[in-house]
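All figures in this text were calculated on a predicted structure; none of them were measured in a lab. Ligands are counted one by one from 1 in listed order, and the atoms in each one are counted from 1 as well. Residues: numbered from 1 along the sequence shown. Only heavy atoms go into these numbers, but all of them, side chains included; no hydrogens, no water, no symmetry mates.
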Amino acid sequence: MKLEHIGIAVKSLETSDQLFSRLLGKDFYKQESVEREGVKTSFYKVGESKIELLEAQNNESAIAKYLDKNREGVHHLAFGVENILEEIKRLENAGFQFISKEPKVGADNKLVVFLHPKTTNGVLVEICQEKN
Ligand SMILES: CC[C@H](C(=O)O)C(=O)SCCNC(=O)CCNC(=O)[C@H](O)C(C)(C)COP(=O)(O)OP(=O)(O)OC[C@H]1O[C@@H](n2cnc3c(N)ncnc32)[C@H](O)[C@@H]1OP(=O)(O)O
Ligand SMILES: [Co+2]
């Protein structure tokens with residue numbers, strides 16, 4: 001398992017891209033929209049890990065709802081695993097609760113599931129695996 005990315009909820013990708021490019025001294029390597037999640041993302045490589053900036057594309061988006069109640073900032077931690085189905089079994093046996101147990105297509109060529117923050121010490125956790 002590795003820290004695959006840190007997801008940061010932002011109001012404006014354009015504004016935050018300028019800030020993070022200045023902060024990291026590099027531009028995003030990819031921008032991608034995930035229709036199902038109603039988000040547009042920018043990805044920045046930071047060593048072995050990544051920063052994922054997320055802007056809501058509609059009011060139904062989890063990011064929109066999050067920003068209705070919270071200021072911009074760290075939204076989730078994503079852990080990369082070799083086999084997401086095995087990891088789901090291990091985590092379920094370990095007592096963690098999933099928002100949905102069915103892996104879905106995420107951004108940056110991944111399959112993703114999310115654990116509910118009420119079972120992860122208040123931190124929204126994404127589990128992701130490279131799509132073959
Ligand atoms: C997949 C594309 C991309 C990728 O990397 O590939 C992404 O990362 S997309 C990221 C955006 N999508 C998601 O976050 C999907 C999973 N999230 C959800 O399903 C919801 O956001 C959920 C279930 C975590 C919360 O939704 P809900 O409608 O229940 O919102 P509430 O405001 O009522 O929150 C309930 C409860 O959870 C706490 N909460 C909500 N969001 C977070 C968060 N990001 N981190 C920590 N805690 C969170 C909230 O404070 C409430 O707690 P309570 O004690 O009940 O007040
Ligand atoms: Co993510």
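- For the pair A62 and ligand 1, the shortest N or O to N or O distance does not fall below 3.5 Å.
- Separating the CD atom in E37 from the CG atom in N58 is a distance of 10.0 Å, to the nearest 0.5 Å.
- Using a 4.0 Å cutoff on heavy atoms, G122 counts as a contact of ligand 1.
- Protein non-hydrogen atoms do reach within 4.0 Å of atom 19 (O) of ligand 1.
- Distances from ligand 1 to the non-hydrogen atoms of K104 include no value under 4.0 Å.
- When heavy-atom distances to ligand 1 are checked against a 4.0 Å cut-off, P117 comes that close only through its side chain, counted from C-beta outward.
- Of all non-hydrogen atoms in V105 and R36, the two that sit nearest each other are O-NH1, 2.6 Å.
- When every heavy atom of L3 is checked against every heavy atom of S49, the shortest pair comes out as O-OG, 2.8 Å.
- Rounded to the nearest 0.5 Å, atoms CG (N83) and NZ (K89) are 7.5 Å apart.
- The shell of residues lying under 4.0 angstrom from ligand 1, judged by heavy atoms, excludes K110.
- If you look at I99 next to ligand 1, the close heavy atoms, those under 4.0 Å, all belong to the side chain.
- With sequence neighbours left out, the side-chain hydrogen bond (donor to acceptor under 3.5 Å, both in side chains) criterion links S42 to D17, Q31.
- Of the protein's heavy atoms, at least one falls inside 4.0 Å of atom 5 (O) of ligand 1.
- Neither the backbone nor the side chain of K118 has any atom closer than 4.0 Å to an atom of ligand 1 (non-hydrogen atoms only).
- Closer than 2.8 Å to the Co ion (ligand 2) sit the protein N, O or S atoms H5 NE2, E52 OE1, H76 NE2, E126 OE1.
- The shortest N or O to N or O distance between Y66 and ligand 1 is not under 3.5 Å.
- Atom 12 (N) of ligand 1 lies below 4.0 Å from at least one non-hydrogen atom of the protein.
- Here atom 31 (P) of ligand 1 lies nearest to K69 when heavy atoms of K69, E126, K65, E52 are compared.
- What sits closest to atom 16 (C) of ligand 1 on the protein, heavy atoms only, is F114 CG, 3.7 Å.
- Between F28 and Y44, the ring planes are perpendicular. Angles over 60° get that label, and only those under 30° would be called parallel.
- At a heavy-atom distance under 4.0 Å, only side-chain atoms of H76, from C-beta outward, approach ligand 1.
- Partner of H5 under the side-chain hydrogen bond (donor to acceptor under 3.5 Å, both in side chains) criterion, chosen from K110, K50, E52: E52.
- Only the side chain of E37 comes within contact range of ligand 1, with a heavy atom under 4.0 Å; no backbone atom does.
- Polar contact check, H5 against ligand 1: a nitrogen or oxygen pair lies under 3.5 Å apart.
- Relative to atom 45 (N) of ligand 1, the option among V125, V74, L124 with the closest non-hydrogen atom is L124.
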